[in-house]
Amino acid sequence: GLLDARAGTGGVLAINPAAGDIIQKDDLCGPVAAGVAIHDEIVFGGDEQGNVFAVDLRQGNTLWVKTAADLGLRGSPRIESRPLIIDAERVLFAFGEGLTPEEGGALVPLMQRTGLAAGRIAALPETVPYGMRRLSSPLLLGRGEVCVAAYDGTLYRWSAARGLSP
């Protein structure tokens with residue numbers, strides 16, 4: 001089926017493309033931001049308020065929803081990009097700036113089925129100025145390593161074992 005991450009509505013729809021009927025509808029926290037990722041019939045995404053979620057398309061239910069506070073982040077940083085599937089068990093979310101200078105600029109790895117931490121949160125160094133604490137879409141390099149760029153032009157490498165390094 002087709003998946004419609006309903007921008008502006010805070011929901012996710014699974015649609016039968018042949019008939020056009022709704023297979024599943026999940027109303028979530030707020031308007032879906034930056035797209036979704038799908039792995040093993042699970043949809044991962046985030047909303048404009050910094051909440052992240054997983055929806056199981058097979059079972060027709062929301063597996064989990066985590067707020068920025070649940071994840072140990074300060075304030076309400078925004079989701080910057082589509083989540084990245086790291087491997088069969090983990091998904092990575094990129095958070096950008098929030099409303100104050102100390103918020104945001106972090107990569108958060110979570111277990112796909114539970115939403116529990118799958119490694120430590122990797123925050124941009126405090127030397128990255130406010131206005132530049134936004135992140136590009138993460139790119140999987142292989143072996144669980146990820147590359148991401150900050151808006152100040154610095155390229156970072158992340159892995160669960162080593163954390164974040166320029």
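Along the sequence shown, residues are numbered consecutively beginning with 1. Just so it is clear, the values below take in all heavy atoms, side chains as well, and ignore hydrogens, waters and symmetry mates.
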ask   = Just wondering, do V55 and I42 contact through their side chains at under 4.5 Å, heavy atoms?
value = no
ask   = Short question: side chain of R133, backbone of P125 - any donor-acceptor pair under 3.5 Å?
value = yes
request  = Please answer: with hydrophobic residues joined when any side-chain heavy atoms are less than 4.5 Å apart, are L110 and V146 in the same cluster?
outcome  = no
task = Please identify each residue that fulfils side chain to side chain contact (heavy atoms under 4.5 Å, CB included) with A94, with sequence neighbours left out.
result = E80, S81, L107, L135, P138
task = Please answer: with hydrophobic residues joined when any side-chain heavy atoms are less than 4.5 Å apart, are F95 and I121 in the same cluster?
result = yes
message = According to side chain to side chain contact (heavy atoms under 4.5 Å, CB included), who are the partners of D70, at least two apart in sequence or on a separate chain?
response = K66, T67
key: Under the side-chain hydrogen bond (donor to acceptor under 3.5 Å, both in side chains) test, residues paired with T154 that sit two or more places apart   = D152
key: Heavy-atom closest pair, residues N61 and Q59   = OD1-CB, 3.0 Å
note = Contacts of A149 meeting side chain to side chain contact (heavy atoms under 4.5 Å, CB included) (sequence neighbours excluded), chain-then-number -> S136, L155
message = R157 vs L141, test: side chain to side chain contact (heavy atoms under 4.5 Å, CB included). Steps then yes/no.
response = CA-CA 9 Å; R157 182 177 226 147; L141 299 174; 3.6 Å; yes
task = Could you state whether I38 and L63 fall into the same hydrophobic cluster, counting links through intermediate Ile, Leu, Val, Met, Phe, Trp or Tyr residues with side-chain heavy atoms under 4.5 angstrom apart?
result = no
request  = Measure across A150 and Y156 and return the closest heavy-atom pair with its distance rounded to 0.1 Å.
outcome  = CB-CE1, 3.9 Å
inquiry  = Any heavy-atom pair between the side chains of L92 and W158 that's under 4.5 Å?
reply    = yes
ask   = Donor-acceptor pair, W64 side chain versus V52 backbone, under 3.5 Å?
value = no
key: Co-membership, hydrophobic cluster, residues V43 and V65, 4.5 Å side-chain   = yes
inquiry  = Nearest 0.5 angstrom please: L124 CG to R134 CZ, how far?
reply    = 12.5 Å
key: Single-linkage hydrophobic cluster, 4.5 Å side-chain cutoff, L71 and I85 together   = yes
request  = For the residue pair F44 and L84, establish whether any side-chain heavy-atom pair is separated by less than 4.5 Å.
outcome  = no
query = If you look only at pairs with a residue in residues 106-118, which of them pass as a salt bridge (Lys or Arg N to Asp or Glu O under 4.0 Å), with sequence neighbours excluded?
reply = D40-R113, D56-R113
key: N/O donor-acceptor pair under 3.5 Å between R90 side chain and P109 backbone   = no
inquiry  = Can you list everything that forms a side chain to side chain contact (heavy atoms under 4.5 Å, CB included) with A18? Sequence neighbours excluded, please.
reply    = N16
